[in-house]
Each structure stands twice: as C-alpha cells, then as structure tokens.
Amino acid sequence: HEIQVNDVSFKYSDGDPVLKNVNLTIQQGETLAIVGSTGGGKSTLVNLLCRFYEPTSGTISIDGIDYRERSLHWLQSNLGIVLQSSHIFGGSIMDNIRYGRLSATDEEVLLASKRAGAHDFVMALDGGYDTAVGEGGSKLSAGQKQLISFARAILADPKILIMDEATSSVDTETEQQIQLGLDELLSNRIALVIAHRLSTIRGADRILVIEHGEITEQGSHNQLMSLQGRYYKLYTQQSLSEFANVEENWQG
C-alpha cells in the first residue's frame with residue numbers, strides 16, 4: 001500500500017491557505033510522525049487524509065487511485081482513526097472494543113485487548129469485560145480510554161492508521177502500557193501520528209515538521225538533529241514532561 005499526496009493545498013472558503021503545495025509519499029509499513037505548531041497545518045493534513053475535508057487543489061491517492069474515486073465504505077474499512085478524545089460510549093468494555101469489528105468473537109476481542117496492553121487493567125475491575133464504562137466512559141481514566149481505543153483499532157486491523165496521540169498526562173505505568181499498545185498498533189501498516197511523546201517521535205521511521213502550511217523539514221530523528229534546524233531546537237529545549245504537555249512551545 002502507498003499513499004501519495006500530490007501538490008495538495010487547502011483553504012477554508014473565506015481564508016488564507018492552511019496547507020500549501022504539500023508533496024508526500026508514504027509506504028507500507030512506514031510510521032510517520034507529524035510535528036509542528038498548533039495552527040501550522042498538521043491537523044488539517046490529517047483531516048484531509050481521513051477525507052473529513054478534500055483538497056482545494058492537488059490530489060491524494062491510495063495505491064495509485066485518487067481517493068475521491070473510491071467509495072467512503074472502502075475508505076472506512078481500510079482506515080483506522082484514533083483521535084485524541086477517545087470515543088467511548090455507554091455500555092460494557094467488551095462492547096466498546098468490539099465496535100472496531102462488530103463480527104469479532106469474544107476470543108478475538110480478548111486477543112486485541114491483550115495486544116493493546118488493556119487486558120490487565122480490565123481484569124482488575126470488578127466486572128472485568130462486562131464492566132459498564134459509564135456515559136462517555138466517565139468511570140475510566142484518560143489512559144484507560146486510550147488503551148480501549150487502541151484495542152478497538154487493533155481489532156479493526158486497518159491498512160492505514162491515523163492517530164492524534166493524546167497529550168493527557170498519565171502515570172508512568174500506564175505510559176509504558178500505552179507505548180506497548182502503540183508499538184503493536186503501528187507495526188506493519190501505514191501509520192501517521194500527530195506525535196506528542198518523545199518516544200513515539202524517536203521511534204518513527206520519518207518525522208515531518210509542518211510549519212505555516214508547508215513541510216519544512218523531514219527525515220529520521222538523527223537526520224533532523226544533525227540539521228540543527230527547527231526540530232533540533234524543539235527537541236533540545238524540551239524536557240520530556242514539558243514536551244508531552246506543552247504544545248504551545250512549538251510557537252515562536
């Protein structure tokens with residue numbers, strides 16, 4: 001599988017361009033981390049790839065076919081999206097994970113949960129997988145919701161995964177579980193991550209820095225560090241905790 005972004009620009013009907021002539025090819029098995037200022041265009045790029053919007057000019061093609069020529073059903077069944085506010089609805093944990101693939105057996109749900117690193121916390125709950133999560137997941141912590149959304153995405157097994165990595169601060173133990181779940185989720189598929197965690201960024205195959213609607217730098221962590229440009233400045237200025245929680249520092 002391959003995604004090609006050809007000369008894509010995007011602007012809202014009444015404003016200046018949010019993205020300008022972006023060119024990008026993403027290959028099967030590649031994890032791409034996207035970093036940059038709030039408002040710099042990274043969320044817009046992700047929204048275009050999910051086809052929440054379509055390019056104002058230029059094309060996005062998947063396996064050589066313009067994605068506007070494919071059905072939305074095709075796109076939805078090949079695309080997994082994990083957004084920052086994990087979409088958890090009332091019902092049991094089992095129901096919430098199974099939402100990734102409604103035909104899945106209980107065994108498949110459990111396997112996905114184990115692979116996501118969610119199984120241990122679920123089993124520690126009184127009701128296990130039958131535990132009701134409350135309206136909007138109100139009985140779960142932010143980290144637990146994220147692990148459930150990983151399990152759901154692993155169960156769906158999308159060819160292309162797009163995720164906005166939650167910045168919510170979680171304890172170290174949950175952080176490690178999330179990292180394991182994330183590694184499992186990203187392996188062997190095209191993955192685009194709006195990345196906030198240093199561990200994810202360093203582990204990505206390629207990092208894109210998007211500023212003012214354009215890709216200003218791209219490469220591996222080591223390549224970008226040796227450039228000593230925008231990425232280098234950000235990385236050296238930030239300690240892990242600041243970087244995970246303070247996205248504003250991309251500005252300026």
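Here the side chains of Arg152 and Leu147 are not in contact, with every heavy-atom distance at 4.5 Å or above. Side-chain contact between Phe121 and Leu140 is present, with at least one heavy-atom pair separated by less than 4.5 Å. Gln218 has its side chain within reach of Ile215: a pair of non-hydrogen atoms, C-beta onward, lies under 4.5 Å apart. At least one side-chain heavy atom of Thr25 sits less than 4.5 Å from a side-chain heavy atom of Glu2. Looking at heavy atoms from C-beta onward, Leu161 lies out of side-chain contact with Leu192 at the 4.5 angstrom threshold. In this structure, Leu227 and Met225 have side chains that are not in contact, with every pair of non-hydrogen atoms separated by 4.5 Å or more. Counting only heavy atoms from C-beta outward, the side chains of Asp205 and Leu32 never approach each other to under 4.5 Å. Counting heavy atoms from C-beta outward, Tyr67 and Leu49 have side chains that stay 4.5 Å or more apart.
The distance from the CD atom of Gln228 to the CG atom of Leu224 is 12.0 Å, given to the nearest 0.5 Å. Between atom OG of residue Ser149 and atom CD1 of residue Ile88 there is a gap of 6.0 Å, rounded to the nearest 0.5 Å. Taking CG of Asp106 as the reference point, atom CD1 of Ile97 lies at 11.0 Å (rounded to 0.5 Å). With rounding to the nearest 0.5 angstrom, the NE2 atom of His1 is 6.5 Å from the CG atom of Asn78. Considering CG of Leu45 and CG of Leu24, their distance stands at 6.5 Å, rounded to 0.5 Å. Between atom CD1 of residue Ile81 and atom CD of residue Gln76 there is a gap of 8.0 Å, rounded to the nearest 0.5 Å.
Here Tyr232 and His221 keep their ring centres 6.0 angstrom or further from each other.
The hydrophobic clustering, which links ILVMFWY residues whose side-chain heavy atoms are closer than 4.5 Å, places Met94 and Leu111 apart. Val122 and Phe89 end up in different hydrophobic clusters when Ile, Leu, Val, Met, Phe, Trp and Tyr side chains are linked at under 4.5 Å. Under the 4.5 Å side-chain heavy-atom criterion for grouping Ile, Leu, Val, Met, Phe, Trp and Tyr, Ile148 is not connected to Tyr99 through any hydrophobic cluster. Cluster membership for Val35 and Tyr235, using ILVMFWY side-chain heavy atoms within less than 4.5 angstrom, is shared.
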task: Output, in order, the C-alpha distance, side-chain angles, deciding distance and verdict of side-chain contact (heavy atoms from CB on, under 4.5 Å) for Val5 and Asn23.
output: CA-CA 5 Å; Val5 177; Asn23 288 288; over 6 Å; no

- request: Could you please spell out the steps behind the side-chain contact (heavy atoms from CB on, under 4.5 Å) verdict for Leu48 and Ile60?
  value: CA-CA 8 Å; Leu48 287 170; Ile60 294 177; 4.0 Å; yes

field: Test side-chain contact (heavy atoms from CB on, under 4.5 Å) applied to Ile65 and Arg70, step by step
entry: CA-CA 8 Å; Ile65 298 172; Arg70 295 191 182 271; 3.5 Å; yes

Criterion side-chain hydrogen bond (donor to acceptor under 3.5 Å, both in side chains) on Thr216 and Tyr231, from CA distance to verdict: CA-CA 10 Å; Thr216 54; Tyr231 178 82; over 6 Å; no

message: As a quick check of understanding, evaluate side-chain contact (heavy atoms from CB on, under 4.5 Å) for Leu186 and Val193, giving each step before the final call.
response: CA-CA 9 Å; Leu186 300 180; Val193 185; 4.0 Å; yes

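Checked by atom type, the side-chain pair Thr56/Tyr12 shows no donor-acceptor distance below 3.5 Å. Judged by distance alone, the side chains of Thr44 and Asn47 never bring a donor and an acceptor atom under 3.5 Å apart.
With salt bridges taken as basic N to acidic carboxylate O contacts below 4.0 Å, none links Asp164 and Lys42. Using a 4.0 Å cut-off between charged nitrogen and carboxylate oxygen, Arg101 and Asp157 do not count as a salt-bridge pair. Arg115 has a carboxylate O that lies under 4.0 Å from a charged side-chain N of Glu184, or vice versa, which qualifies the two as a salt bridge.
A donor-acceptor pair is defined here as one N or O able to donate and one able to accept, closer than 3.5 Å; such a pair exists between the side chain of Arg98 and the backbone of Ala104. Put simply, the side chain of Glu30 gets close to the backbone of Gln27: a donor and an acceptor are under 3.5 Å apart. In terms of modelled atom types and a separation under 3.5 Å, the side chain of Lys20 and the main chain of His212 share a donor-acceptor contact. Of the possible polar contacts, none joining the Arg189 side chain to the Gln28 backbone as a donor-acceptor pair under 3.5 Å is found. Using modelled atom types, no side-chain atom of Ser113 and backbone atom of Val109 make a donor-acceptor pair closer than 3.5 Å. Within the 3.5 Å criterion, the main-chain N or O of Arg206 finds no donor-acceptor partner in the side chain of Ser220. No donor-acceptor pair closer than 3.5 Å links the side chain of Asn6 to the backbone N or O of Gly58.
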Distance-only criterion, 3.5 Å: show the donor-acceptor pairs between side-chain atoms of residues 130-139 and protein atoms not counting sequence neighbours.
residue: Thr131; atom: OG1; partner: Gly127; partner atom: N; Å: 3.4
residue: Thr131; atom: OG1; partner: Gly128; partner atom: N; Å: 3.2
residue: Thr131; atom: OG1; partner: Gly128; partner atom: O; Å: 2.6
residue: Ser138; atom: OG; partner: Glu135; partner atom: O; Å: 3.4

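Residues Pro158 and Gly80 approach most closely at CB-N, 3.2 Å, considering heavy atoms. Contact record, Ser9 with Asn21: OG-N, 2.9 Å, taken as the closest heavy-atom pair. Between Leu19 and Gly41, the shortest heavy-atom distance links the atoms CD2-O, 3.6 Å. Contact detail for Ala153 and Leu185: the closest heavy-atom pair is CB-CD1, 3.6 Å. Across all their heavy atoms, Ala33 and Ala195 have their closest contact at CB-CB, 4.0 Å. Scanning all heavy atoms of the two residues, the minimum distance from Leu75 to Cys50 falls at CD2-O, 3.9 Å.
Checking Glu217, Glu214, Glu211 one by one against Arg230, the salt bridge (charged side-chain N to carboxylate O under 4.0 Å, His left out) holds for a single residue, Glu211.
Listed by chain and residue number, nothing satisfies the side chain to side chain donor-acceptor pair (under 3.5 Å) test with Ser43 (two or more places apart in sequence, or in another chain).
Taking the six-membered ring for Trp and thresholds of 30 and 60 degrees, Tyr53 and Phe10 have nearly parallel ring planes, at less than 30 degrees apart.
The local environment of CG in Asp16 is sparse, with at most 12 non-hydrogen atoms from other residues, nucleotides or ligands closer than 6.0 Å.
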